[in-house]
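Lettering of chains follows the sequences in order, A, B, ..., and the numbering in each one begins at 1.
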2 protein chains.
Amino acid sequence: MEEFLRYEHMKDEIPKISDFYKIMGDETRLEIMFLLMEAEMSVGEITKNINRDQTTISHQLRLMKKSGFVLSTRHGKYIFYSLDDHVKNIIKDTLRHLNEVGNEEK
Amino acid sequence: MEEFLRYEHMKDEIPKISDFYKIMGDETRLEIMFLLMEAEMSVGEITKNINRDQTTISHQLRLMKKSGFVLSTRHGKYIFYSLDDHVKNIIKDTLRHLNEVGNEEK
DNA sequence: ATAACATATGTACAGTTGTACATATATTAT
DNA sequence: ATAATATATGTACAACTGTACATATGTTAT
């Protein structure tokens, strides 16, 4: 087992790791992230794609920005959000394994 | 962009993915998982390592077992829990990226 | 059988979280 | 200026979740 992963070393990091996964664990935020996997997108476009109130999207984007999950740049009236590259990679890595969880082969 | 990751294809999977991350997003469960990264362990041992009531650990183990995160085998009075291998790998993959989230270099 | 220990289950309650309403602010067009 | 559009913020409330207490069940030793 990799030394750096041992429990005593991870203990202090757990709140941070937990916060990270908490943000991942919400359907609205995941929908936003999957949209932003494809391209950066304005709040309006995101709202059009997702069945939630615009203010809900806005609140979630604020939270996601504060935690470094997304970046934003204004272009005139529009504000475009994009997904952090490391978050993209974590999602990809997770999906590669996810179907197998709970299916130990033999 | 990988075709299989496009939003329309992921949309139906989102509740499942969200459920997965929800389980990851709790400090007690993460502590249990990090302990089990090292070795399989009985409920008593887990309880000794974590500052929570035995019944709390037991409730969480039940949830984690139902969702395929852990396996259990009884040895006499003791029940040993072990961590699903895919969950192990997902945790490792995540940690590899996690420190970088929100730190886009340049 | 009974005691001692290990683990599980029922329940209730406090704390957290996601949501939408109402409203505010920012930008562009007229 | 004012209107129209895009996005953000304040607030309140229902729903969900983690926890520990009390208690039950399962296992081993005597």
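- Rounding to whole angstrom units, CG of residue B:L61 and P of D:dG18 are separated by 14 Å.
- Residues A:L36 and A:V70 meet the side-chain proximity criterion, which asks for heavy atoms closer than 4.5 Å.
- Defined by atom type and a distance below 3.5 Å, a donor-acceptor pair is present between the side-chain atoms of B:E31 and A:Y7.
- D:dT19 atom P lies 11 Å from atom CG of B:N51, rounded to whole Å.
- Rounded to whole Å, the distance from CD on A:E27 to C1' on C:dT19 is 14 Å.
- Between B:V101 and A:I90 there is a side-chain heavy-atom pair separated by less than 4.5 Å.
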Worksheet entry | Derivation and outcome, side-chain contact (heavy atoms from CB on, under 4.5 Å), residues B:Y81 and B:L71 | CA-CA 6 Å; B:Y81 282 84; B:L71 310 170; over 6 Å; no
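- Summarising the geometry, the separation between CG on B:L63 and C1' on D:dG18 is reported as 10 Å, rounded to the nearest angstrom.
- Looking at B:N103 and A:H86, their side chains never bring a donor and an acceptor atom within 3.5 Å of each other.
- Closest to the A:Y78 side chain, of the nucleotides D:dA6, D:dG10, C:dG18, is D:dA6.
- Here A:S72 pairs with A:K65 under the side-chain hydrogen bond (donor to acceptor under 3.5 Å, both in side chains) rule; sequence neighbours left out.
- Separating the OH atom of A:Y81 from the C1' atom of D:dA6 is a distance of 11 Å, rounded to the nearest angstrom.
- The 12-atom threshold is not exceeded at NZ of B:K11, counting heavy atoms of other residues, nucleotides or ligands nearer than 6.0 Å.
- Side chains of B:T94 and A:Y21: a donor-acceptor N/O pair is present below 3.5 angstrom, by distance only.
- No donor-acceptor pair under 3.5 Å is formed between the side chain of B:S18 and the backbone N or O of B:I14.
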Discussion item. B:K88 vs B:M33, test: side-chain contact (heavy atoms from CB on, under 4.5 Å). Steps then yes/no.
Written reply: CA-CA 8 Å; B:K88 270 189 206 174; B:M33 293 187 231; over 6 Å; no
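- For the pair B:K65 NZ and C:dT9 C1', the computed distance is 14 Å after rounding to whole Å.
- Between B:R62 and C:dT9 there is a side-chain N or O to OP1 or OP2 distance below 4.0 Å.
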Distances for protein N or O near nucleotides 22-30 of chain D N or O, under 3.5 Å:
from   : atom 1 : to    : atom 2 : distance (Å)
D:dT27 : OP1    : B:R74 : NE     : 3.4

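- The side-chain ring of A:H59 is stacked on the base of D:dT9, judged by centre separation under 5.5 angstrom and plane angle under 30 degrees.
- For B:T28 and D:dG18, the shortest distance from a side-chain N or O to OP1 or OP2 is not below 4.0 Å.
- Residue-level contact check: B:F80 touches neither bases nor backbone, having no heavy atom under 4.0 Å from any strand.
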Could you list all N or O pairs between the protein and nucleotides 13-17 of chain D that sit under 3.5 Å apart?
none

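- Rounded to whole Å, atom P of D:dT7 lies 12 Å from atom CE of A:M41.
- Residue A:K66 contributes atom NZ, which lies 15 Å from atom P of D:dA8 at whole-angstrom precision.
- At D:dA8, one or more side-chain N or O atoms of A:S58 fall inside 4.0 Å of OP1 or OP2 (strictly under the cut-off).
- For B:R52, a side-chain nitrogen or oxygen approaches OP1 or OP2 of D:dT19 to under 4.0 Å.
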